[in-house]
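The figures here come from the full heavy-atom set of this structure, side chains too, leaving out hydrogens, waters and symmetry mates. If you read the sequence from its start, that first residue is 1, and numbering goes on from there.
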Amino acid sequence: MGMKAIAYRKILVTGSTAVLGAGLRSICREFGDREFIFSSSRECDLRDREGTCSYVGSVRPDAILHLAAVSGGVGLSINHPATLLIDNVMMTFSILEAARMHAVRKTVMTLSSGMYPAGAPNPIR
């Protein structure tokens, strides 16, 4: 028994100005039957749950690709670990709550970590 594929026509992409978002933007023309809405912190502060829910409600996507994160390399992570954790967890919760509230059919999230420079001592201090 085969399953019918679900088409996600309108896709909200968070973090569109960072590496993954920019990469997706560069190939989105290959998916001409999809409408991508590329979002950055200029459109919505994803740490703000109410604002995020309102923004997602105004966009009305079928799917969300949550690529956004507060990041700035290993140095920032070492110097401000709690701040980064709080900001990124708040963004994740905001997106999940907005997706739930607005019955978004599919939500995909990414995780990443900082990279050490070539030749860095291990462990880095």
List the steps and the verdict of side-chain contact (heavy atoms from CB on, under 4.5 Å) for L24 and L20. CA-CA 6 Å; L24 180 59; L20 287 175; over 6 Å; no
Determine whether T92 and M90 satisfy the following criterion, side-chain contact (heavy atoms from CB on, under 4.5 Å), listing intermediate values before the conclusion. CA-CA 5 Å; T92 297; M90 291 305 298; over 6 Å; no
Determine whether I37 and I27 fall in the same hydrophobic cluster, where Ile, Leu, Val, Met, Phe, Trp and Tyr are linked whenever their side-chain heavy atoms lie under 4.5 Å apart. no
I'd like to know if D33 pairs up with R9 as an ion pair, taking the criterion as any Lys NZ or Arg NE/NH1/NH2 lying under 4.0 Å from an Asp or Glu carboxylate oxygen. yes
Cluster question for you: counting only ILVMFWY and a side-chain heavy-atom cut-off of under 4.5 Å, with indirect links fine, are V56 and L96 together? yes
Polar side-chain atom of S40 near backbone of G15 as donor-acceptor pair, under 3.5 Å: no
Show the nearest heavy-atom pair for residues N88 and M91, with the distance to one decimal. OD1-CE, 3.0 Å
Measure across G51 and C44 and return the closest heavy-atom pair with its distance rounded to 0.1 Å. O-SG, 3.8 Å
Take atom NZ in K10; do more than 12 heavy atoms of anything else shown fall under 6.0 Å from it? yes
If we check side-chain contact (heavy atoms from CB on, under 4.5 Å) with S77, which of these qualifies: L85, T83, L84? L84
Residues, nucleotides or ligands: over 12 heavy atoms within 6.0 Å of R60 CZ: no
Write down the atom of C53, the atom of M101, and the distance for their closest heavy-atom approach. SG-SD, 3.5 Å
Partners of E97 by side chain to side chain donor-acceptor pair (under 3.5 Å), sequence neighbours excluded? R100
How long is the straight-line distance from NE2 of H80 back to CD1 of I86, given to the nearest 0.5 Å? 12.5 Å
List in chain and number order the residues that pass side chain to side chain donor-acceptor pair (under 3.5 Å) with R105, two or more places apart in sequence or in another chain; answer none if no residue qualifies. none
Any donor-acceptor pair under 3.5 Å linking the side chain of S54 with the backbone of E50? no
Does a side-chain heavy-atom distance below 4.5 Å link M109 with I95? yes
Could you walk me through whether Y55 and L12 pass side-chain contact (heavy atoms from CB on, under 4.5 Å), step by step? CA-CA 10 Å; Y55 178 70; L12 173 62; 3.9 Å; yes
Can you give me the closest heavy-atom contact between V104 and P61, atom names plus distance? CG2-O, 3.9 Å
Is there a path of hydrophobic side-chain contacts, each under 4.5 Å between heavy atoms of I, L, V, M, F, W or Y residues, that connects L46 with V108? no
In sequence, state the C-alpha distance, the side-chain angles, and the governing distance for R25 and S16, and then conclude on side-chain contact (heavy atoms from CB on, under 4.5 Å). CA-CA 7 Å; R25 188 185 297 262; S16 67; 3.2 Å; yes
Under 4.5 Å between side-chain heavy atoms, counting indirect links through other Ile/Leu/Val/Met/Phe/Trp/Tyr residues: same cluster for F31 and L65 or not? yes
Provide the closest heavy-atom pair for A99 versus I64 in the form atom of the first, atom of the second, distance. CB-CD1, 4.2 Å
Shortest non-hydrogen contact from L67 to T14? N-OG1, 2.9 Å
Answer yes or no: is there an ion pair linking R47 with D87, defined by an N-O contact shorter than 4.0 Å? yes
